[in-house]
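What follows is a single structure, written as C-alpha cells, with notes after it.
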Amino acid sequence: IGADSWSLVLAALAALGLALEVLVARRRRPVREVLFFPSKPSCTEALLAEAASPDDTPVPCPCPLPHGDCAFSRLLRHLLSARRSLELCLFAFSSPQLGRAVRLLHRRGVRVRVVTDAQYMALKGSQIGLLRHAGIQVRHDQESGYMHHKFAIVDRKMLITGSLNWTTEAIQNNRENILIMEDAEYVQPFLEEFERIWEFYDPLKYMFFSKENK
C-alpha cells in the first residue's frame, strides 16, 4: 500500500473514532442523582489527588478514614468533572475539601465565578478569602437580606442544588439534600439567575454611602 493509501486509511479511522465518540456521548444517560446528608467522614484525598494529577499513579492515602463511596465523595466527583466553567452561588462556604477542589479546577483552567453572602464570607473558616487569593472572581451582596442560594452549575449543563450549605458542619451533621441533574429545562433558569445576580453585584455598582449622607 502506498503512502497516499495509508493516509486515506488513517483519516478514515480517525473519522470513525470521532463518530463513535459522538455516538457514545449522545447515548450517555444524563446525570440525575439525589444525595442525602449527613455524610460520614471519609477520605477524599484520592479523589483530589487524581484530579490534580490525572496522569500520575494513584498513591493510597494512609489516613484511618473510610475510603468508600458516600454522598460527599459523589458530590465532590461531580464538581471535579468541570472542564470549562463553574458557577457557584452559595450562602456559606467553609468546607476545606470543596474549597480545595474549586481552587484545583481554577488552576486547571476552568472559569470559576462565585457569588456569596457578604456576612457569612467574613466568618472564621470561610473559604472565600482563599478563593480570592487564588485569583478566582468573587462577588457578594450589598443588601439587608441574605444571599441564601445554594447551587452550582458545572459546564453550563449540570445543576447541583439543594438545602446543603457547603460547610463541614452541614455535610457531616445535618439532614440535608442535594439534587444533581443534566436537564436544560432546569439548568437554564439557574444560569439566568446566576447571571442576573452576577451583574447586580458588580462592584462598580456598590454604594458605600446612602443618598442622605451625600
Side-chain angles (χ1 to χ4, degrees), residues 18 20-39 42 44 46-54 68-117 127-128 131 134 136-139 147-168 170-171 174 176-199 201:
L18 181 60
L20 287 173
E21 287 182 11
V22 172
L23 183 62
V24 170
R26 287 179 176 176
R27 288 187 174 181
R28 183 181 68 84
R29 294 181 62 184
V31 174
R32 286 187 174 87
E33 184 171 9
V34 177
L35 303 176
F36 291 106
F37 296 79
S39 183
S42 62
T44 57
L47 272 176
L48 292 166
E50 180 183 355
S53 304
D69 201 25
C70 63
F72 182 54
S73 67
R74 296 188 70 80
L75 169 61
L76 195 59
R77 189 175 292 110
H78 286 301
L79 186 68
L80 289 168
S81 71
R83 293 295 178 266
R84 294 179 298 277
S85 64
L86 176 65
E87 279 77 42
L88 299 176
C89 201
L90 301 169
F91 174 58
F93 188 178
S94 61
S95 165
Q97 294 97 328
L98 290 172
R100 183 178 164 191
V102 172
R103 295 195 303 275
L104 190 157
L105 290 171
H106 172 69
R107 290 197 302 271
R108 210 163 65 186
V110 174
R111 184 197 184 198
V112 180
R113 293 184 294 166
V114 180
V115 167
T116 191
D117 183 78
Q127 292 291 305
I128 298 301
L131 299 184
I136 294 172
Q137 299 181 77
V138 177
R139 293 184 181 181
M147 201 308 296
H148 209 242
H149 279 316
K150 308 168 188 72
F151 69 84
I153 305 169
V154 176
D155 290 337
R156 304 181 70 83
K157 65 180 183 180
M158 182 192 296
L159 173 66
I160 302 174
T161 188
S163 68
L164 183 76
N165 279 312
W166 287 25
T167 67
T168 302
I171 291 165
N174 293 356
E176 308 278 4
N177 65 81
I178 283 284
L179 175 65
I180 303 169
M181 65 169 70
E182 289 179 323
D183 189 325
E185 182 178 354
Y186 294 97
V187 174
Q188 188 59 36
F190 279 86
L191 272 172
E192 292 171 359
E193 172 69 355
F194 182 90
E195 296 296 349
R196 186 162 45 245
I197 296 174
W198 184 258
E199 177 64 23
Y201 290 168

- Message: Measuring only between side-chain heavy atoms, which start at C-beta, is L75 closer than 4.5 Å to L164?
- Response: yes

- Where is the tightest heavy-atom contact between A71 and L35, given as atom of each residue plus distance? O-CD1, 3.5 Å

- Hey, could you give me the CH2/CG distance between W166 and L79, rounded to the nearest 0.5 Å? 4.5 Å

- Note on the structure: Note: S163 and E176 closest approach over all heavy atoms is OG-OE1, 2.6 Å

- Item | Heavy-atom pair with the smallest gap, counting every atom of L159 and Y186 | CD2-O, 4.1 Å

- Query: Hey, are the side chains of E182 and V187 touching, using non-hydrogen atoms and a 4.5 Å cut-off?
  - Reply: no

- Message: Could you measure the distance from the CD atom of Q137 to the CZ atom of R111? Nearest 0.5 Å is fine.
- Response: 6.0 Å

- Query: Backbone N or O of A82 within a donor-acceptor pair of the R84 side chain at under 3.5 Å?
  - Reply: no

- Closest heavy-atom contact between M158 and S81? CE-OG, 4.0 Å

- Task: Quick one: pull up OG1 in T116 and NZ in K150 and give me the separation to the nearest 0.5 Å.
- Result: 11.0 Å

- Task: Could you grab the distance from atom NZ of K157 to atom CG of D183, nearest 0.5 Å is fine?
- Result: 13.5 Å

- Kindly compute the distance separating CD1 (I197) from CZ (R139), expressed to the nearest 0.5 Å. 12.0 Å

Exercise answer: donor-acceptor pairs, residues 86-97 side-chain atoms, under 3.5 Å, sequence neighbours excluded:
unit_1, atom_1, unit_2, atom_2, d
E87, OE2, R113, NH2, 3.3
S95, OG, L98, N, 3.3

- Message: Could you check whether any side-chain heavy atom of F37 comes within less than 4.5 Å of a side-chain heavy atom of N174, counting everything from C-beta outward?
- Response: no

- Message: Is it the case that the side chain of H78 and the backbone of I180 share a donor-acceptor pair, with hydrogens and angles ignored and the cut-off at 3.5 Å?
- Response: no

- Can you list the residues that meet the ring pair (Phe, Tyr, Trp, His ring centres under 6.0 Å) rule with H149, with sequence neighbours excluded? F151

- Query: Between the main-chain N or O of S85 and the side-chain N or O of D155, is there a donor-acceptor pair closer than 3.5 Å?
  - Reply: yes

- Task: Please round to the nearest 0.5 Å and tell me the distance separating atom CG of D69 and atom CZ of R74.
- Result: 5.0 Å

- Message: Testing the basics here: between S42 and C70, what is the closest heavy-atom pair and its distance to 0.1 Å?
- Response: OG-SG, 3.2 Å

- Okay, side chain of T44, backbone of L47: is any donor-acceptor separation there less than 3.5 Å? no

- Message: I need the minimum non-hydrogen distance between L80 and L105, along with the two atoms involved.
- Response: O-CD2, 3.9 Å

